[in-house]
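Written below as structure tokens is the structure these notes are about.
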Amino acid sequence: MPVELEPESRKALIASIRRYVEENLDAEIGDLKAGFLLDYCLQEIGPTIYNQAIADARAFMLDRLVDLESLCYEPEMTYWSKTSS
């Protein structure tokens with residue numbers, strides 16, 4: 001499943017890539033080349049980042065599910081034990 005970006009996000013990322021190349025690599029690239037680099041990163045690197053984010057979210061949710069029973073548990077059949085004392 002390829003990552004789809006909103007047009008505003010894509011435009012901002014292309015500008016960021018251009019700035020990075022200019023400031024750190026002492027070169028200038030246009031929007032077309034920056035767009036190609038962005039597409040490469042999304043296709044080649046994006047899935048690894050996405051998969052790690054899903055794994056992190058899964059681990060987070062599993063940790064919360066383990067706590068769910070202790071946090072949300074209500075003892076059953078307690079009416080008589082409270083009133084018979």
Side-chain angles (χ1 to χ4, degrees):
M1 160 173 91
V3 176
E4 296 292 328
L5 300 173
E6 295 293 325
E8 303 83 30
S9 296
R10 183 174 177 80
K11 185 176 178 180
L13 288 169
I14 287 172
S16 180
I17 289 169
R18 290 186 66 191
R19 181 177 177 185
Y20 179 86
V21 170
E22 289 172 14
E23 291 183 10
N24 294 289
L25 304 177
D26 297 322
E28 290 187 21
I29 61 173
D31 286 348
L32 184 62
K33 286 184 179 181
F36 287 152
L37 181 57
L38 176 58
D39 291 339
Y40 167 78
C41 290
L42 290 173
Q43 184 176 353
E44 188 70 15
I45 300 167
T48 301
I49 295 167
Y50 178 84
N51 290 339
Q52 184 61 53
I54 294 297
D56 291 347
R58 182 178 185 275
F60 175 83
M61 293 303 294
L62 285 175
D63 286 346
R64 296 310 167 273
L65 286 172
V66 167
D67 289 342
L68 185 62
E69 187 172 324
S70 64
L71 293 173
C72 298
Y73 181 78
E74 240 352 271
E76 300 173 5
M77 307 295 289
T78 60
Y79 177 81
W80 294 114
S81 63
K82 289 179 186 176
T83 59
S84 62
S85 299

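Keep in mind that this is a model prediction, so the values were computed, not measured.
The hydrophobic clustering, which links ILVMFWY residues whose side-chain heavy atoms are closer than 4.5 Å, places F36 and L5 apart. Under the 4.5 Å side-chain contact rule for hydrophobic residues, I17 and L25 share a cluster.
We find that D31 and R10 are not joined by a salt bridge, their nearest charged nitrogen and carboxylate oxygen being 4.0 Å or further apart.
Within a 6.0 Å sphere centred on CD of Q43, other residues, nucleotides and ligands contribute 12 heavy atoms or fewer.
Separating the CZ atom in R18 from the CG atom in L38 is a distance of 13.5 Å, to the nearest 0.5 Å. For the atom pair L37 CG and L42 CG, the distance stands at 9.5 Å (nearest 0.5 Å). Between the CD atom of E8 and the CG atom of L13 there is a distance of 11.5 Å, given to the nearest 0.5 Å. From R19, atom CZ reaches atom CD of E22 across 9.5 Å, with rounding to the nearest 0.5 Å.
Every residue two or more places apart in sequence or in another chain that forms a side chain to side chain donor-acceptor pair (under 3.5 Å) with D56 is listed here: Q52. Every residue was checked against the side chain to side chain donor-acceptor pair (under 3.5 Å) condition with E28, not counting sequence neighbours, and none meets it.
Put simply, the side chain of R64 does not reach to within 4.5 Å of the side chain of L68, judged on heavy atoms.
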